[in-house]
Amino acid sequence: MMTEKQSIFGPRYVALTIGIILAVMAVGFEGLAVTTVAPAIANDLKGMALYGWIFSAYLLAQIIGTLVVGRVIDRRGPAMPFTAAIALFAVGLVAAAMASDMIILIAARALQGFGAGAMMTCVYTAISLSYPDELRAKILGAFGTAYVLPSMIGPYVAGVIAQQFSWRFVFWGVLPFLVLATFLSLPVFRKLKIPSVQKQNGRGATLLSILLAIGTGLFLSGLGMLPSAAGIMLVLLGLVLMAQPLRKLLPAGTLGLRTGLPSLIASRGLFFAAYVSTQNFLVLALTETKGLTADLAGLIVASAALSWCVVSYLQSHWDAADQGRGRHKRIRIGVLLMIVGIGIVVWVPDLNIALSVIGQMITGIGIGLAHPTSGAVAFANAKEGESGEVSANLQFADSFTPGVVIGIGGAIIAIGQAAGLLMENGIFGAMLLNLVLICLSLLASSRLKTSRSTGKATDGATASIH
């Protein structure tokens, strides 16, 4: 039976655990709340023409923050980057709350994105360095729950705040959580030490990250202009600029599904992108093809978050029971369940509401198994001195791929409408893309191979993933 010292809420870990949960909740709530209040922001600041950049600025800056800070952590430790990330995120919140025009708001969102990407990378690193292997599945389960819970209440709360008061209070309201998270976790971050190993020059990684952000920005902008010739040119130019940074910044062999960590990162990026994209387009499907109100559609989407939370909690107990030996099996089962769930959701225009809820709950069960477990596997097999880089890879998979896939899905719908197709046909195409991605994720998850010591590792520092 687990003693208090072996609990993530035991005396040794309680401050860091609560700090991590609050930091993740702050980032998760802010991101989801902005989705709800963005129309009000654009109308109030008379910037509807720049509406898309409320989200694009955040995504592009998050890419840079995630990849750059991962390398900084491996050279200097997580305390300084975490402090800077919190500060930038807080400045971004204040600037957004006080924004007088759309340009300032977009700049504030860029600060928030950089800070959020850097902050989450630091949090992943702290998990890798602070918790023994047998507790990582538990803290990653709590991490997932803290990120998912805002999806059940965040949009509704943000809507009430914007309607009763002002959208500006949404940004102000996140600050207290951020301050408390800093107070609890920063002292622990200062004590964390990264093993001294020879690392590559961080300047090259910074330049590659910026190039990737530029390429992604051109790619997403081009998608919004399809099927015009200018849109096609921007998409192609963006892909060209993105190719080299992706090869250099991700673990070697990720794009080719090489056995080990590369396949793990690829699988996680694919299944998480499929999940997030399905959530986004399901709301559109329910409101446009079924005629549901936005709040009822939101409740249906939240059913996946509920099952994610429950299973994320349970998987940590299963992990403790088998000492991590069943992790790879849980990842594959989770991805298989997501295939079933998303497969049901793909046909939602032709199904009744009850079946869409069932599909969502099955999808939530799948990601509740696969998401925290994939993080535990990555950390258990991180090489010495690479905690920051592995953390950046995990955060990158969670942020970059969903943004790109949602952009592609939106382009599919736009192209369909330009061709005279019904909205439901475009949504079907976007959903079908998600099903293809989750099947590719299953292929990648079948190529995971780790050392026999994975399940018994205590610190994960010396195990090899090959």
Side-chain angles (χ1 to χ4, degrees), residues 63 66-67 70 124 140 205 208-209 212 215-216 219 238-278 324 326-343 363 366-367 369-383 386 389-409 432-452 454 460 463-466:
I63 293 171
T66 296
L67 294 174
Y124 274 123
L140 286 168
L208 287 170
S209 301
L212 178 61
T216 306
F219 177 75
L239 288 173
V240 170
L241 293 178
M242 292 162 62
Q244 184 68 5
L246 284 173
R247 284 197 297 265
K248 293 288 187 180
L249 293 170
L250 290 172
T254 299
L255 300 180
L257 304 184
R258 181 183 297 176
T259 301
L261 181 61
S263 284
L264 179 70
I265 297 300
S267 178
R268 181 180 172 112
L270 289 167
F271 74 63
F272 195 71
Y275 173 83
V276 175
S277 180
T278 298
R327 288 175 180 173
H328 300 120
K329 182 179 180 181
R330 281 190 285 277
I331 293 174
R332 287 190 289 271
I333 291 174
V335 176
L336 275 170
L337 287 171
M338 290 182 70
I339 290 175
V340 174
I342 292 176
T363 303
I367 197 167
L369 280 172
H371 192 264
T373 307
S374 62
V377 171
F379 288 138
N381 294 276
K383 295 180 181 179
E386 292 186 350
E389 190 170 341
V390 171
S391 299
N393 289 331
L394 292 172
Q395 175 61 16
F396 180 80
D398 287 355
S399 57
F400 174 78
T401 44
V404 171
V405 170
I406 290 171
I408 295 173
L432 196 60
L433 171 63
N434 298 332
L435 190 58
V436 171
L437 292 177
I438 197 65
C439 289
L440 288 174
S441 177
L442 181 63
L443 173 64
S445 69
S446 69
R447 297 179 61 80
L448 303 181
K449 182 181 179 181
T450 57
S451 64
R452 289 178 296 177
T454 299
S464 172
I465 198 163
H466 299 292

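Treat the numbers as computed from the prediction; the structure is a model and nothing was measured.
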Exercise for review: Tell me, with the steps shown, if Ser445 and Phe271 meet side chain to side chain contact (heavy atoms under 4.5 Å, CB included).
Suggested key: CA-CA 10 Å; Ser445 69; Phe271 74 63; over 6 Å; no
Inter-residue atom distance [X].[atom1] - [Y].[atom2], 0.5 Å rounding:
X	Y	atom1	atom2	answer
Arg247	Met242	CZ	CE	12.0 Å
Met338	Ile438	CE	CD1	4.0 Å
Leu249	Thr66	CG	OG1	11.0 Å
Cys439	Ile339	SG	CD1	4.0 Å

Review point. So which pairs with a foot in residues 391-405 pass salt bridge (charged side-chain N to carboxylate O under 4.0 Å, His left out), sequence neighbours left out?
Key: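 Residue pairs with at least one partner in residues 391-405: Arg268-Asp398.
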Can you sort out the partners of [X] under side chain to side chain contact (heavy atoms under 4.5 Å, CB included), two or more places apart, ordered by chain and number?
X	answer
Ile333	Lys329, Leu337, Leu369
Thr254	Leu250, Pro251, Pro262, Ile265, Ala266
Val340	Ile344, Ile362
Ser277	Phe281, Val405, Ile406, Asn434

Exercise for review: Assess whether side chain to side chain contact (heavy atoms under 4.5 Å, CB included) is satisfied between Asn393 and Leu264, documenting all intermediate values.
Suggested key: CA-CA 10 Å; Asn393 289 331; Leu264 179 70; over 6 Å; no
Exercise for review: With sequence neighbours left out, write down each residue that passes side-chain hydrogen bond (donor to acceptor under 3.5 Å, both in side chains) with Ser267, or none if nothing qualifies.
Suggested key: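 With neighbours one apart ignored, the set is Ser441.
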Check your understanding: Thr216: what forms a side-chain hydrogen bond (donor to acceptor under 3.5 Å, both in side chains) with it, not counting sequence neighbours?
Key ->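 None.
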**Study point:** Sequence neighbours excluded - side chain to side chain donor-acceptor pair (under 3.5 Å) pairs with any residue from residues 332-343
**Key:**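 Sorted pair list comes back empty.
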Check your understanding: Stepwise, does the side chain to side chain contact (heavy atoms under 4.5 Å, CB included) test hold for Val404 with Thr401?
Key -> CA-CA 5 Å; Val404 171; Thr401 44; 5.9 Å; no
Could you pull out the closest heavy-atom pair between [X] and [Y], with the gap in Å?
X	Y	result
Val377	Ile331	CG2-CD1, 4.1 Å
Ala378	Leu261	CB-CD1, 4.3 Å
Gly409	Leu433	N-CD2, 4.5 Å

**Study point:** Main-chain N/O of Leu443 paired with Ser446 side-chain donor or acceptor, under 3.5 Å
**Key:**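 Answer holds: yes.
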Point to revise | Expected output: side-chain Arg447 to main-chain Leu257 donor-acceptor under 3.5 Å | key: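 Here the side-chain-to-backbone pair exists.
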Practice item. Take Leu212 and Leu246 through the side chain to side chain contact (heavy atoms under 4.5 Å, CB included) test and state the conclusion after the steps. Key: CA-CA 7 Å; Leu212 178 61; Leu246 284 173; 3.9 Å; yes
